[in-house]
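Lettering of chains follows the sequences in order, A, B, ..., and the numbering in each one begins at 1. Keep in mind it's a predicted model, so treat the numbers as computed, not measured.
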2 protein chains.
Amino acid sequence: MTSAAKGSPSPRLTRNQAMVYDALVSASGAMTAYQLLDALRAEGLNAPPQIYRALQRLTDIGLVHRLESTHAFVACQHGDGTGHDTAAFAICDDCGDVVELSDARLARDLRSLADGSGFTPHRASIELHGTCERCRPAND
Amino acid sequence: MTSAAKGSPSPRLTRNQAMVYDALVSASGAMTAYQLLDALRAEGLNAPPQIYRALQRLTDIGLVHRLESTHAFVACQHGDGTGHDTAAFAICDDCGDVVELSDARLARDLRSLADGSGFTPHRASIELHGTCERCRPAND
DNA sequence: CGGGCGAACGTTATGATATAACAACAACGC
DNA sequence: GCGTTGTTGTTATATCATAACGTTCGCCCG
């Protein structure tokens with residue numbers, strides 16, 4: 001699986017950016033910057049700035065999201081389009097799996113909640129920690 | 001959820017915990033651990049673990065919230081009661097001011113969104129970045 | 001062609017955030 | 001007293017992230 005551009009506004013990725021993005025997609029989960037660095041040393045990336053610069057660009061264009069609460073990064077699970085600014089993440093504290101959730105109602109509620117305080121939101125970080133379906137104890 | 005004792009709002013803080021909490025309340029805003037350390041050196045706190053331990057306890061009992069996206073800590077702005085597990089924060093990127101928002105509808109939306117994915121949430125981190133009322137350009 | 005220029009690169013060094021580990025001590029029940 | 005438990009103070013170190021600098025790349029335009 002390669003770093004093919006997706007939808008509308010995806011400029012071509014540079015080599016480093018493609019390597020980082022591919023690593024995140026292959027991981028099918030979140031990775032920290034230093035995990036990416038370790039994974040990509042074999043391919044010639046040697047120092048943190050190379051990773052962080054690629055991640056900066058990838059998050060800027062919406063291909064990658066940053067998980068603030070775990071200091072990790074995850075490839076966008078949507079078709080790249082909209083909703084990035086209010087994406088929510090369900091992070092399993094047991095297995096580390098991350099699922100990206102998007103919901104118009106949630107976005108609307110957040111916006112109205114902010115408006116009620118005179119606040120103009122620019123971006124949101126919404127991260128749920130808990131237990132995913134597969135890790136939940138079998139009892140109901 | 002809401003496990004803080006109702007009868008005793010403050011479970012007797014130790015000296016260090018009280019110093020850290022007082023510093024956060026006086027700041028009327030967010031502070032990083034190292035800002036707290038600098039502020040409290042004069043009172044005898046010398047090393048990061050002393051700060052982090054106090055913060056750990058204060059967040060455990062709900063008197064302090066951690067802002068994941070800014071690596072900072074803020075005193076709870078509620079009357080201490082419930083809603084801590086789904087509190088949202090509006091963080092002004094201009095002046096740094098932080099307002100704690102709480103909304104039952106938001107909490108419900110998040111829960112139902114998670115349930116739809118078979119996810120069982122334990123805690124949420126909801127942080128809005130943007131511009132507060134006072135910092136917003138006057139037109140618009 | 002080739003000069004200019006902005007973006008990306010590689011590298012070194014350092015800054016910022018957070019925790020491990022351990023010895024000393026206080027508070028408390030018995 | 002004496003153990004148990006939790007907090008403290010301290011040193012050292014782990015983890016996360018960026019500053020700064022010169023070099024190279026891609027590409028437009030003269």
A.B. asks: Nearest whole Å is fine: how far is C:dC9 P from A:Ile51 CD1?
C.D. replies: 11 Å

A.B. asks: Tell me, yes or no, whether the heavy-atom count around B:His122 atom NE2, taken from other residues, nucleotides or ligands under 6.0 Å, exceeds 12.
C.D. replies: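 Yes.
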
A.B. asks: Within the pair A:Gln50 and C:dG10, is there a side-chain N or O less than 4.0 Å away from OP1 or OP2?
C.D. replies: yes

A.B. asks: Which of these nucleotides, C:dT17, D:dT10, C:dT11, is closest to any side-chain atom of A:Ala47?
C.D. replies: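 So the side chain of A:Ala47 is nearest to C:dT11.
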
A.B. asks: For the pair made of CG in A:Leu13 and C1' in C:dA8, what is the distance, rounded to whole Å?
C.D. replies: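 So the CG-C1' distance, A:Leu13 to C:dA8, works out to 13 Å.
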
A.B. asks: Decide if atom CZ of A:Arg15 counts as having more than 12 heavy atoms of other residues, nucleotides or ligands within a radius under 6.0 Å.
C.D. replies: no

A.B. asks: If you compare every side-chain N and O of A:Arg66 against the phosphate oxygens of D:dA17 (OP1, OP2), does one of them come in below 4.0 Å?
C.D. replies: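 True: A:Arg66 side-chain N/O within range (under 4.0 Å) of D:dA17 OP1/OP2.
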
A.B. asks: Measuring from the side chain of A:Arg53 (C-beta onward, heavy atoms only), which nucleotide among D:dT11, C:dC9, D:dC16 has the closest atom?
C.D. replies: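 Per side-chain heavy atoms of A:Arg53, the pick is C:dC9.
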
A.B. asks: Can you see if the side chain of A:Thr14 gets near the phosphate of D:dC25 - specifically, an N or O under 4.0 Å from OP1 or OP2?
C.D. replies: no

A.B. asks: Taking the six-membered ring where the residue is Trp, are the ring centres of A:His71 and B:His71 under 6.0 Å apart?
C.D. replies: yes

A.B. asks: Would you kindly give the CZ-to-C1' distance between B:Arg57 and D:dT8, to the nearest whole Å?
C.D. replies: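 Rounded to whole Å, this separation is 15 Å.
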
A.B. asks: Mind calculating the distance between CG (A:Leu37) and P (C:dT12) to the nearest angstrom?
C.D. replies: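 After rounding, the reported distance stands at 13 Å.
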
A.B. asks: Out of C:dA20, C:dA18, C:dG10, which has the shortest distance to the side chain of A:Leu45?
C.D. replies: C:dG10

A.B. asks: Out of D:dT10, D:dT7, D:dT18, which has the shortest distance to the side chain of A:Pro48?
C.D. replies: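 My answer, after comparing the listed nucleotides, is D:dT18.
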
A.B. asks: Less than 4.0 angstrom between a side-chain N/O of B:Asn16 and OP1 or OP2 of D:dT7, yes or no?
C.D. replies: no

A.B. asks: When you check the phosphate oxygens OP1 and OP2 of D:dA17, does a side-chain N or O of A:Tyr52 lie under 4.0 Å from one of them?
C.D. replies: yes

A.B. asks: Once you round it to whole Å, what is the distance between P of C:dA24 and CG of B:Asn46?
C.D. replies: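 The answer, rounded to whole Å, is 18 Å.
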
A.B. asks: Find the distance B:Gln56:CD to C:dT17:P and express it as a whole number of Å.
C.D. replies: 18 Å

A.B. asks: Mapping B:Tyr34 and B:His71 onto DNA chain D by nearest heavy atom, which one lands closer to the 5' end?
C.D. replies: B:Tyr34

A.B. asks: If you compare all heavy atoms of B:Val74 against all heavy atoms of B:Phe89, which two are closest, and at what distance to 0.1 Å?
C.D. replies: CG1-CE2, 4.1 Å

A.B. asks: Within this structure, what is the CG-to-C1' distance between A:Leu55 and C:dA8, rounded to whole angstrom?
C.D. replies: 15 Å

A.B. asks: Can you tell me how far P of D:dA17 sits from CD of B:Glu68, to the nearest Å?
C.D. replies: 12 Å

A.B. asks: Looking only at heavy atoms, what is the nearest atom pair of B:Ala75 and B:Glu100, with distance?
C.D. replies: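 What the structure gives for the nearest pair is O-OE1, 4.4 Å.
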
A.B. asks: Please state whether the phosphate of C:dA8, meaning OP1 or OP2, lies under 4.0 angstrom from any side-chain nitrogen or oxygen of A:Arg12.
C.D. replies: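 So the side chain of A:Arg12 is outside the cut-off, no N or O lying under 4.0 Å from OP1 or OP2 of C:dA8.
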
A.B. asks: Is the distance from OP1 or OP2 of C:dA8 to the nearest side-chain N or O of A:Arg15 less than 4.0 Å?
C.D. replies: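 Checking A:Arg15 against C:dA8: no side-chain N or O falls below 4.0 Å of OP1 or OP2.
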
